[in-house]
Amino acid sequence: MADMKLPTRSEDFSEWYNQLVLRAELADYAPVRGCMIVRPYGWALWENITAALDRRFKATGHVNAAFPLLIPRSFIEKEKSHVAGFSPELAVVTHGGGEKLEEPLVIRPTSETIIGHAYAKWIQSYRDLPVLINQWNSVVRWELRTKLFLRTLEFFWQEGHTAHATAEEAETETRQMLDVYTDFARNEAAIPVIPGRKSAAERFAGANETYSIEAMMGDGKALQAGTSHNLGQNFAKAFEIQYLDKGGVLQFCWTTSWGLSTRFVGAIIMVHGDDQGLILPPRLAPYQLAIVPIFKTDEEKATVLENARRLRRELADAGVRVKMDEREGISPGFKFNDWEMRGVPLRLELGPKDVAKGSVVLARRDRPGKEGKAFVAQQGIAAAVTEHLAEIQQALFDRALEFRKSHTADAENYEEFKKAVESGFAFSWWCGSGDCEAKIKEETRATMRCIPIEQPGGSGKCVYCGNQASEKAIFAKAY
RNA sequence: CGGGGCGUAGCGCAGCCUGGUAGCGCGCCUGCCUUGGGCGCAGGAGGUCUGGAGUUCAAAUCUCCACGCCCCGACCA
């Protein structure tokens, strides 16, 4: 750690991100290019994400299972747009047990095919439907350009795969999971995402319709933070997932898939972080509060630590995730900076003066310096902390929403549009033509992020071609 | 895959141009001292200079060939 300070976000956002991930000990580079070691602090954050999502999946009737890592290559080839989309980024196993394999095996880039194969065996009757399965796993996609959490060769995620009797049911499921992701992002991660529909060009390989939640990062760029696909009958037909309906007629199922990955950790970093480091939303933070004891003499140490431990227990009993920093030989000032860099939402400082007064200092991570510090009585500390955490959670959301709003322009013409996508989102009328979309991308490097579910109504002129348009879309440079 | 940058101690770098067998800061270890915003002092450990081949009496340094990583583009959760 030659340099104690991070690069600032304004001077080099990318470098700020890279260094922060390493310094906060979220992740490290692996020996293989593009692969990532998720360190305990990063994994703890991911575990809180998975717990919050898994709760929601179970609450909407889904169950977990585990499908294999290796897939026969022929499976990938069964759905033609799927193979076209994924072929360039497949890792293929050609040898096993020292022998060349008869048929190469693909390391799953996603599991629609192998799950489709299983569903074809399991589903016979309308009575077997719907099938609502999720799995937590990792997948491999041979990406050309990688970045910790945002795009790694192997990434961790969940992939939900469901099969339904009707098109309507599948669409309802697809939209329900989009809502689940939206709710999770907003209420757990304090990220004001925009749920919407993807254009044909941005659609998942093999989907009829792709929905996503889009978030704005601290540099104004967009990040797709979760996706939900309506696969229609494409995979059902490729894998012969069929059932007999009530009338005894053989029908193809309607399937969906939806996923959210460790990329979301990157979103949390880039949405909330500041020049001091991470700011983690309290509901997901591995540690919600760090206690820094302060003392000089041995007597002070004894009383302060005794008091600090009592507070820790009280807070832990109230359900607060507490980290007690008892590291020796490190100054309090160092610890303050350290926990700020690591994004702990609340810090509790406790010195001899506080012990004498029966109070503590609470410092809010989202308000740097003295402004964020307050003396709080030890009496009723748990309630005070819980309240502070809730306030911080809300403040982070409000701030992110304000940032997004102030970096989003309702661009009416192409000049405004070009200016808007330099620093944020353009929300503009779009005729829906792939040509306009492609030309915009070519000329501005901004892509169609989504057509938000929430529309102003009415109609306007396409920001590129000027033709009549009935929907407005978000365009932005994206990760 | 195109363009750029870089591989020297755990991390960040200097040394290379002009060959002479390796240094600085941080971190780490020990001791003392300190602790309310990134303490200080003293002592110490730690390096096949990415790999290979070549030139030379002599290569971190010059030449060639590999490999790896990072950044910027095209592709993507």
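Just so we're clear, the structure is a prediction, and the values are computed from it rather than from any experiment. Here is how names work: the chains are called A, B, and so on, in the same order as the sequence lines, proteins then strands, and each is numbered from 1.
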Nearest-neighbour nucleotide for the [X] side chain, [options] considered:
| X | options | result |
| --- | --- | --- |
| Arg445(A) | A77(B), G73(B), G36(B) | G73(B) |
| Glu143(A) | U35(B), C75(B), G73(B) | C75(B) |
| Arg347(A) | U35(B), G37(B), A77(B) | G37(B) |
| Lys373(A) | U35(B), G37(B), A77(B) | G37(B) |
| Arg151(A) | A77(B), C70(B), G36(B) | A77(B) |

Nearest-angstrom distance, [atom1] atom, [N] to [M]:
| N | M | atom1 | result |
| --- | --- | --- | --- |
| C24(B) | G5(B) | C1' | 23 Å |
| U34(B) | A42(B) | C1' | 15 Å |
| C6(B) | A14(B) | P | 9 Å |
| C69(B) | G12(B) | P | 15 Å |
| C11(B) | G47(B) | P | 14 Å |
| G23(B) | G68(B) | C1' | 25 Å |

Applying a 3.5 Å limit to both distances, which nucleotide forms a Watson-Crick or G-U wobble pair with [N]?
| N | answer |
| --- | --- |
| G7(B) | C67(B) |
| C1(B) | G73(B) |
| A42(B) | U30(B) |
| G54(B) | C62(B) |

Quiz item: If you look at every heavy atom in His161(A) and Ser257(A), which pair is closest and at what distance?
Solution: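 Residues His161(A) and Ser257(A), closest heavy atoms: ND1-CB, 3.6 Å.
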Practice problem: Search all heavy atoms of Glu340(A) against all heavy atoms of Arg365(A) and return the closest pair with its distance. | Solution: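 Scanning both residues, the minimum pair turns out to be O-NE, 2.8 Å.
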Quiz item: Would you call Thr227(A) and Ile213(A) a side-chain contact if the rule is heavy atoms closer than 4.5 Å?
Solution: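 Result no, sub-4.5 Å side-chain heavy-atom pair not found.
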Quiz item: Any side-chain heavy-atom pair from Phe149(A) and Phe264(A) closer than 4.5 angstrom?
Solution: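 Counting from C-beta outward, Phe149(A) and Phe264(A) never come under 4.5 Å.
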Quiz item: Within 45 degrees of the axis of the six-membered ring of Tyr479(A) and under 6.0 Å from its centre: does Lys147(A) put its NZ or CZ there?
Solution: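 Lys147(A) over Tyr479(A) ring: no.
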Quiz item: [X] side-chain donor-acceptor pair to [N] base, under 3.5 Å:
| X | N | answer |
| --- | --- | --- |
| Lys370(A) | G37(B) | no |
| Asp354(A) | G36(B) | yes |
| Arg141(A) | C76(B) | no |

Would you please confirm or rule out a distance under 4.0 Å between OP1 or OP2 of [N] and any side-chain N or O of [X]?
| X | N | value |
| --- | --- | --- |
| Asn18(A) | C70(B) | no |
| Ser14(A) | C72(B) | yes |
| Lys441(A) | C75(B) | yes |

Quiz prompt | ring-ring contact (aromatic ring centres under 6.0 Å, His included) evaluation trace for Phe57(A) with Trp258(A) | solution = CA-CA 11 Å; Phe57(A) 298 158; Trp258(A) 28 275; 5.1 Å; yes
Quiz item: May Phe155(A) be described as stacking on the base of A77(B), applying a 5.5 Å centroid limit and a 30° limit on plane angle?
Solution: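 Yes, Phe155(A) stacks on the base of A77(B), since the ring centres sit under 5.5 Å apart and the planes are within 30°.
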Quiz prompt | 5′-ward residue of the pair Ile330(A)/Tyr479(A) relative to RNA chain B | solution =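 The 5'-side residue here is Ile330(A).
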Quiz prompt | RNA chain B: 5'-proximal contact among Gly351(A) and Thr152(A) (nearest heavy atom) | solution =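 First, find each residue's nearest nucleotide; the 5'-ward one identifies Gly351(A).
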